[in-house]
Amino acid sequence: MAKTVRAHTNIALIKYWGKADDQLRLPLMSSLSMTLDQFYTDTKITASTTGNHFFLNNIEQTDKSAQRVFAYLKKLQQHFNVTGSLSVHSINHVPIAAGLASSSSAFAALAGAFCAYYELDVNQRQLSRLARLGSGSASRSIYGGFAVWQKGVDDATSYAYALDENPQQMDLHLLAIELNQQPKKLSSTGGMKQAQSSPFFKPWLARNEQEMAAMTSAIKENDFTHLGQLAELNASEMHAINLTAQPGFTYFEPDTIKAIKLVAQLRARGIECYYTIDAGPNVKVLCQLRNVKDVTNSFVSVFKNAKIVNASFGPGISCLD
Ligand code: 2P0
């Protein structure tokens with residue numbers, strides 16, 4: 001039955017940055033994320049009599065993104081032994097201005113819409129595994145609040161679970177700061193492959209278990225300072241790996257460095273905040289409610305045209321009808 005499924009994007013506080021298996025999208029490390037309330041994708045699948053179609057924001061897509069969606073649908077159809085041509089209708093409520101990647105919400109919503117369309121009886125763990133096959137980070141968008149994607153060793157054991165779906169205690173905001181809207185030149189898949197040539201990749205990987213445990217404790221203890229320090233360190237490690245790959249590369253732009261310095265200056269002034277950065281030049285700043293205004297104003301004064309979205313915890317995947 002055609003149903004609209006909504007999934008929210010998530011931002012990793014401990015990053016996934018390396019695949020053990022490209023086809024199954026098995027990660028080399030576990031990761032931990034925060035699901036965001038402000039950004040989400042709504043997807044509905046209907047039957048088609050004219051081959052597969054993919055509509056994004058009501059515009060039919062025929063580029064690489066459509067090929068990726070169709071390849072994913074084929075994979076799921078083979079997996080469940082079902083057939084038929086499909087029309088995928090997605091509305092992305094991820095403002096371009098936010099500079100956020102939308103593949104986490106996109107493939108989580110697509111996996112959910114697929115299961116709804118074929119009336120497949122899957123639990124959240126299975127849905128997380130299916131979403132993972134579309135995009136690694138999508139495995140985490142099945143859940144609200146904080147989610148952990150345990151790396152596992154195969155398809156059956158690599159899935160995400162909710163660490164805390166409703167973290168009411170935690171005063172945590174993520175300011176998505178858009179500095180640069182240019183599409184990135186190196187995809188996440190390409191970047192994470194190249195990163196493995198860094199001499200620091202293995203030592204970083206060796207730290208994953210310890211970093212996951214420390215972040216989990218910070219969340220359980222409602223310790224914002226520790227959470228922010230760990231998130232910032234983990235993101236910096238990921239970007240240091242990129243810089244030291246052979247050949248080295250970076251997603252940073254000059255404004256990214258400026259933003260990193262601004263975060264340090266704000267902290268020196270007693271405004272507690274931390275950054276995290278994904279596979280792009282834009283910066284996300286973690287802070288508590290009492291500092292949202294000061295951090296926002298500081299960024300606006302330095303980056304006159306920057307668009308800033310204040311996000312907090314979002315819910316897990318849901319059916320809208
Ligand atoms: C993450 N990122 O944990 C990391 C941190 C970007 C930096 O997952 O190749 O689109 O589809 O599995 O999930 C972005 O990569 O990669 C990502 P694929 P995905 O959120």
Side-chain angles (χ1 to χ4, degrees), residues 7-36 39 41 64-65 67-69 71-72 75 92 94 98-111 128-143 146-152 155 158-160 163 174 176 183-196 201 204-205 208 211-212 215 230-243 245 249-252 256 275-284 286 311 314:
H8 287 68
T9 59
N10 70 76
I11 294 295
L13 303 177
I14 300 292
K15 311 285 187 195
Y16 147 56
W17 197 242
K19 290 182 177 70
D21 183 311
D22 290 354
Q23 284 306 310
L24 291 174
R25 281 191 156 76
L26 300 180
L28 283 165
M29 66 285 283
S30 297
S31 53
L32 191 157
S33 61
M34 169 188 187
T35 299
L36 303 179
F39 314 110
T41 304
K64 268 191 347 206
S65 70
Q67 297 315 316
R68 183 167 171 187
V69 167
Y72 178 62
K75 198 180 265 192
N92 239 348
V94 182
L100 287 170
S102 56
S103 74
S104 62
S105 57
F107 281 94
L110 188 54
S128 173
R129 286 169 51 200
L130 295 174
R132 188 200 76 231
L133 295 172
S135 188
S137 54
S139 64
R140 301 184 305 241
S141 273
I142 304 305
Y143 309 94
F146 291 110
V148 167
W149 174 15
Q150 63 171 36
K151 65 178 178 165
D155 180 51
S158 185
Y159 54 80
L163 185 64
L174 181 146
K184 62 187 170 206
K185 291 181 195 83
L186 182 61
S187 69
S188 295
T189 300
M192 58 179 87
K193 191 167 268 175
Q194 195 160 325
Q196 290 184 44
F201 189 80
W204 183 46
L205 203 53
N208 176 245
E211 290 192 276
M212 287 292 292
M215 183 61 83
L230 290 164
E232 191 172 291
L233 175 60
N234 181 267
S236 301
E237 287 168 341
M238 179 192 126
H239 291 280
I241 298 286
N242 295 344
L243 279 168
F249 65 100
T250 185
Y251 291 103
F252 288 5
T256 314
Y275 66 80
T276 184
I277 304 170
D278 292 289
N282 295 306
V283 174
K284 292 114 198 173
L286 300 164

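Just follow the structure's listing: the first ligand is 1, and inside any ligand the first atom is 1. Numbers for residues simply follow the sequence, beginning at 1.
When heavy-atom distances to ligand 1 are checked against a 4.0 Å cut-off, M29 has no atom that comes that close, whether in backbone or side chain. Counting heavy atoms closer than 4.0 Å to ligand 1, residue S135 contributes atoms from both its backbone and its side chain. When non-hydrogen atoms are compared, ligand 1 lies under 4.0 Å from the side chain of R68 (C-beta onward) but not from its backbone.
Within the structure, the closest approach of R140 to ligand 1 falls below 4.0 Å when heavy atoms are considered.
Set against the non-hydrogen atoms of R25, the atoms of ligand 1 under 4.0 Å away are 9 (O), 11 (O), 12 (O), 18 (P). Counting the atoms of ligand 1 from 1 in the order shown, those under 4.0 Å from a heavy atom of T189 are 9 (O). With ligand atoms numbered from 1 in the order given, ligand 1 contributes 9 (O), 12 (O), 18 (P) to contacts under 4.0 Å with heavy atoms of K19. Listed by atom number, the atoms of ligand 1 under 4.0 Å from K15 heavy atoms are 3 (O), 5 (C).
For the residue pair S105 / T41, a side-chain donor-acceptor distance below 3.5 Å is found, with atom types taken as modelled. Using modelled atom types, one finds no donor on one side chain facing an acceptor on the other under 3.5 Å when comparing N10 with T35.
Taking only non-hydrogen atoms, the option from G134, S103, A12, S188 nearest to atom 10 (O) of ligand 1 is S103.
One distance of note links CG of D21 with CG of D155; it measures 9.0 Å at 0.5 Å rounding.
Residues that satisfy the side chain to side chain contact (heavy atoms under 4.5 Å, CB included) test with T189, not counting sequence neighbours, are K19, R25, S187.
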Full working for side chain to side chain contact (heavy atoms under 4.5 Å, CB included) between R132 and F107: CA-CA 8 Å; R132 188 200 76 231; F107 281 94; over 6 Å; no
